[in-house]
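Remember, it's a predicted structure, so these values are computed and weren't measured experimentally. Whatever order the structure lists ligands and atoms in, that order sets their numbers, starting from 1. One-based numbering along the sequence shown.
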Amino acid sequence: MINIVLFGPPGSGKGTQAQNLIEKFNLKQISTGDLFRYNMKNDTELGKLAKSYIDKGELVPDQVTIDMLTDELRKPCNAKGFIFDGFPRTANQTEALENIVKEVLNSSIDICLSLVVDDKMLVERLLKRGETSGRTDDSNKQIITHRIKEYYAKTAEVAELYKQQGKYVEINGVGDIEEISEKLFAEVAKLNNKSSLQN
Ligand code: C5P
Ligand code: MG
(Lines give C-alpha, C1' and ligand atoms only; values in the text may rest on other atoms or scores of the structure.)
(Ligands and ions follow the chains in the order given, each with its own letter.)
Protein backbone atom coordinates (compact mmCIF):
# COMPACT_ATOMS: atom_id res chain seq x y z
CA MET A 1 0.00 0.00 0.00
CA ILE A 2 1.23 3.51 -0.87
CA ASN A 3 -0.13 6.54 0.94
CA ILE A 4 0.79 9.94 -0.42
CA VAL A 5 0.16 13.40 0.91
CA LEU A 6 0.00 15.78 -2.04
CA PHE A 7 0.96 19.11 -0.60
CA GLY A 8 1.20 22.72 -1.71
CA PRO A 9 -0.54 26.07 -1.57
CA PRO A 10 -3.92 26.67 -3.24
CA GLY A 11 -3.44 26.69 -6.99
CA SER A 12 -0.23 24.66 -6.95
CA GLY A 13 -1.82 21.89 -9.04
CA LYS A 14 -2.62 19.25 -6.40
CA GLY A 15 -5.97 18.26 -7.92
CA THR A 16 -4.58 18.05 -11.44
CA GLN A 17 -1.58 15.99 -10.42
CA ALA A 18 -3.63 13.74 -8.12
CA GLN A 19 -5.66 12.76 -11.17
CA ASN A 20 -2.55 11.59 -13.04
CA LEU A 21 -1.14 9.81 -10.00
CA ILE A 22 -4.31 7.83 -9.26
CA GLU A 23 -4.40 6.52 -12.81
CA LYS A 24 -0.74 5.62 -12.91
CA PHE A 25 -0.62 3.79 -9.56
CA ASN A 26 -4.25 2.73 -9.04
CA LEU A 27 -4.76 4.87 -5.97
CA LYS A 28 -7.81 6.58 -4.53
CA GLN A 29 -7.81 10.36 -4.23
CA ILE A 30 -9.32 11.88 -1.15
CA SER A 31 -9.75 15.62 -1.61
CA THR A 32 -11.22 17.25 1.47
CA GLY A 33 -11.96 20.39 -0.59
CA ASP A 34 -13.99 18.28 -3.07
CA LEU A 35 -15.83 16.57 -0.20
CA PHE A 36 -16.76 19.96 1.24
CA ARG A 37 -17.93 21.18 -2.17
CA TYR A 38 -20.06 18.04 -2.62
CA ASN A 39 -21.70 18.71 0.73
CA MET A 40 -22.20 22.39 -0.12
CA LYS A 41 -23.82 21.46 -3.42
CA ASN A 42 -26.20 19.11 -1.64
CA ASP A 43 -26.84 21.64 1.08
CA THR A 44 -26.10 19.22 3.92
CA GLU A 45 -25.51 20.42 7.49
CA LEU A 46 -21.80 19.79 6.99
CA GLY A 47 -21.94 21.75 3.72
CA LYS A 48 -23.60 24.73 5.37
CA LEU A 49 -21.05 24.78 8.14
CA ALA A 50 -18.12 24.42 5.72
CA LYS A 51 -19.48 27.14 3.45
CA SER A 52 -19.30 29.71 6.23
CA TYR A 53 -15.52 29.23 6.33
CA ILE A 54 -14.75 28.39 2.72
CA ASP A 55 -16.47 31.47 1.28
CA LYS A 56 -14.16 33.61 3.38
CA GLY A 57 -11.05 31.65 2.40
CA GLU A 58 -10.62 30.31 5.92
CA LEU A 59 -9.95 26.82 7.17
CA VAL A 60 -12.82 24.71 8.47
CA PRO A 61 -12.18 23.69 12.13
CA ASP A 62 -9.86 20.71 12.42
CA GLN A 63 -12.26 18.25 14.04
CA VAL A 64 -14.94 18.77 11.37
CA THR A 65 -12.47 18.05 8.60
CA ILE A 66 -10.85 15.15 10.44
CA ASP A 67 -14.23 13.45 11.03
CA MET A 68 -15.21 13.86 7.38
CA LEU A 69 -11.90 12.40 6.23
CA THR A 70 -12.19 9.46 8.63
CA ASP A 71 -15.66 8.60 7.29
CA GLU A 72 -14.33 8.69 3.74
CA LEU A 73 -11.35 6.50 4.53
CA ARG A 74 -13.61 3.89 6.14
CA LYS A 75 -15.50 3.36 2.88
CA PRO A 76 -14.43 0.07 1.34
CA CYS A 77 -12.37 0.31 -1.84
CA ASN A 78 -9.82 -1.79 -3.63
CA ALA A 79 -7.28 0.87 -4.50
CA LYS A 80 -3.60 0.19 -3.84
CA GLY A 81 -3.37 3.20 -1.59
CA PHE A 82 -4.47 6.79 -1.12
CA ILE A 83 -3.61 10.28 -2.20
CA PHE A 84 -4.55 12.91 0.32
CA ASP A 85 -5.15 16.13 -1.60
CA GLY A 86 -5.55 19.29 0.46
CA PHE A 87 -5.23 17.44 3.76
CA PRO A 88 -3.51 17.80 6.20
CA ARG A 89 -3.61 21.58 6.38
CA THR A 90 -2.57 22.03 10.02
CA ALA A 91 -0.17 20.37 12.47
CA ASN A 92 -3.19 18.88 14.26
CA GLN A 93 -4.53 17.36 11.05
CA THR A 94 -1.07 15.91 10.33
CA GLU A 95 -1.04 14.02 13.60
CA ALA A 96 -4.65 12.94 13.15
CA LEU A 97 -3.92 11.60 9.66
CA GLU A 98 -1.11 9.40 10.93
CA ASN A 99 -3.44 7.97 13.58
CA ILE A 100 -6.38 7.42 11.23
CA VAL A 101 -4.26 5.74 8.57
CA LYS A 102 -2.83 3.46 11.23
CA GLU A 103 -6.23 2.69 12.73
CA VAL A 104 -8.30 2.27 9.57
CA LEU A 105 -5.71 0.92 7.11
CA ASN A 106 -3.06 -0.41 9.45
CA SER A 107 -0.62 1.58 7.35
CA SER A 108 1.24 4.89 7.37
CA ILE A 109 2.00 7.93 5.22
CA ASP A 110 4.93 7.12 2.95
CA ILE A 111 5.70 10.48 1.43
CA CYS A 112 4.69 14.12 1.27
CA LEU A 113 5.06 15.40 -2.28
CA SER A 114 5.10 19.18 -2.24
CA LEU A 115 4.35 21.28 -5.32
CA VAL A 116 6.25 24.56 -5.28
CA VAL A 117 4.76 27.58 -7.07
CA ASP A 118 5.40 31.25 -6.30
CA ASP A 119 2.61 33.40 -4.87
CA LYS A 120 2.22 35.64 -7.89
CA MET A 121 1.55 32.68 -10.13
CA LEU A 122 -0.83 31.13 -7.59
CA VAL A 123 -2.99 34.25 -7.68
CA GLU A 124 -2.92 34.31 -11.48
CA ARG A 125 -3.86 30.63 -11.72
CA LEU A 126 -6.70 30.87 -9.20
CA LEU A 127 -8.19 33.96 -10.83
CA LYS A 128 -8.05 32.14 -14.15
CA ARG A 129 -9.62 29.01 -12.66
CA GLY A 130 -12.33 31.22 -11.15
CA GLU A 131 -13.49 32.15 -14.65
CA THR A 132 -14.82 28.61 -15.07
CA SER A 133 -14.73 26.78 -11.70
CA GLY A 134 -17.82 28.44 -10.27
CA ARG A 135 -16.03 28.39 -6.91
CA THR A 136 -16.87 31.36 -4.71
CA ASP A 137 -13.41 31.17 -3.16
CA ASP A 138 -11.76 31.55 -6.60
CA SER A 139 -13.92 34.50 -7.53
CA ASN A 140 -12.02 37.46 -6.15
CA LYS A 141 -8.48 38.45 -5.43
CA GLN A 142 -9.09 39.31 -1.79
CA ILE A 143 -10.36 35.83 -0.90
CA ILE A 144 -7.58 34.23 -2.92
CA THR A 145 -4.96 36.29 -1.09
CA HIS A 146 -6.55 35.33 2.21
CA ARG A 147 -6.33 31.63 1.31
CA ILE A 148 -2.64 32.02 0.58
CA LYS A 149 -2.18 33.84 3.91
CA GLU A 150 -3.95 30.98 5.71
CA TYR A 151 -1.57 28.62 3.97
CA TYR A 152 1.50 30.41 5.37
CA ALA A 153 -0.04 30.91 8.81
CA LYS A 154 -1.40 27.40 9.41
CA THR A 155 -0.41 24.97 6.66
CA ALA A 156 3.24 25.64 5.83
CA GLU A 157 4.31 24.04 9.13
CA VAL A 158 2.95 20.70 7.91
CA ALA A 159 5.99 20.61 5.60
CA GLU A 160 8.30 20.90 8.60
CA LEU A 161 6.67 17.89 10.25
CA TYR A 162 7.17 15.69 7.19
CA LYS A 163 10.73 17.03 6.80
CA GLN A 164 11.50 15.91 10.35
CA GLN A 165 10.27 12.44 9.42
CA GLY A 166 12.40 12.38 6.26
CA LYS A 167 9.29 12.06 4.11
CA TYR A 168 9.24 15.47 2.43
CA VAL A 169 10.05 15.94 -1.27
CA GLU A 170 9.68 19.20 -3.18
CA ILE A 171 8.80 19.27 -6.86
CA ASN A 172 8.76 22.39 -9.03
CA GLY A 173 5.07 22.91 -9.76
CA VAL A 174 5.64 25.36 -12.63
CA GLY A 175 5.82 24.06 -16.17
CA ASP A 176 4.28 21.42 -18.36
CA ILE A 177 1.66 19.33 -16.50
CA GLU A 178 2.89 16.03 -17.90
CA GLU A 179 6.52 16.82 -17.07
CA ILE A 180 5.57 17.60 -13.49
CA SER A 181 3.64 14.31 -13.36
CA GLU A 182 6.74 12.43 -14.55
CA LYS A 183 8.76 13.88 -11.68
CA LEU A 184 6.05 12.85 -9.21
CA PHE A 185 5.87 9.36 -10.75
CA ALA A 186 9.64 8.99 -10.32
CA GLU A 187 9.37 9.75 -6.59
CA VAL A 188 6.57 7.23 -6.13
CA ALA A 189 8.49 4.63 -8.14
CA LYS A 190 11.41 5.05 -5.73
CA LEU A 191 9.04 4.13 -2.90
CA ASN A 192 7.89 1.05 -4.77
CA ASN A 193 11.51 -0.03 -5.31
CA LYS A 194 12.27 0.42 -1.64
CA SER A 195 9.31 -1.69 -0.52
CA SER A 196 10.02 -4.48 -3.01
CA LEU A 197 13.60 -4.64 -1.65
CA GLN A 198 12.24 -5.01 1.85
CA ASN A 199 9.82 -7.79 0.96
O1 C5P B 1 -8.25 21.90 -1.01
P2 C5P B 1 -9.11 22.98 -1.59
O3 C5P B 1 -8.29 24.15 -2.06
O4 C5P B 1 -10.06 22.49 -2.60
O5 C5P B 1 -9.97 23.52 -0.37
C6 C5P B 1 -10.91 24.55 -0.54
C7 C5P B 1 -11.27 25.13 0.80
O8 C5P B 1 -11.79 24.12 1.67
C9 C5P B 1 -10.10 25.72 1.58
O10 C5P B 1 -9.77 27.04 1.17
C11 C5P B 1 -10.66 25.70 2.99
O12 C5P B 1 -11.60 26.73 3.19
C13 C5P B 1 -11.39 24.37 3.00
N14 C5P B 1 -10.54 23.29 3.49
C15 C5P B 1 -10.25 23.24 4.86
N16 C5P B 1 -9.45 22.24 5.35
C17 C5P B 1 -8.93 21.31 4.55
C18 C5P B 1 -9.21 21.34 3.15
C19 C5P B 1 -10.02 22.36 2.66
O20 C5P B 1 -10.69 24.09 5.61
N21 C5P B 1 -8.14 20.34 5.05
MG1 MG C 1 -7.81 21.15 -5.13
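Every residue two or more places apart in sequence or in another chain that forms a salt bridge (charged side-chain N to carboxylate O under 4.0 Å, His left out) with Glu187 is listed here: Lys190.
Under a 4.0 Å N-O distance rule, the pair Glu150/Arg147 does not qualify as a salt bridge.
Contact of the Pro88 side chain with the Tyr162 side chain is registered, since non-hydrogen atoms from C-beta on lie closer than 4.5 Å. Side-chain contact between Leu73 and Val101 is present, with at least one heavy-atom pair separated by less than 4.5 Å.
A donor atom on one side chain and an acceptor atom on the other are found under 3.5 Å apart for Ser181 and Gln17.
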- Step by step, would you call Glu103 with Arg74 a salt bridge (charged side-chain N to carboxylate O under 4.0 Å, His left out)? CA-CA 10 Å; Glu103 188 193 311; Arg74 287 216 164 98; 2.9 Å; yes
Does ligand 1 have any N/O pairs with the protein under 3.5 Å, and how far apart?
residue	atom	partner	partner atom	Å
ligand 1	1 (O)	Arg89	NH1	2.9
ligand 1	1 (O)	Arg89	NH2	3.3
ligand 1	3 (O)	Arg89	NH2	3.1
ligand 1	4 (O)	Arg37	NH1	3.0
ligand 1	4 (O)	Arg37	NH2	2.9
ligand 1	12 (O)	Glu58	O	2.5
ligand 1	20 (O)	Val60	N	2.6
ligand 1	21 (N)	Gly86	O	3.0
ligand 1	21 (N)	Gln93	OE1	3.3

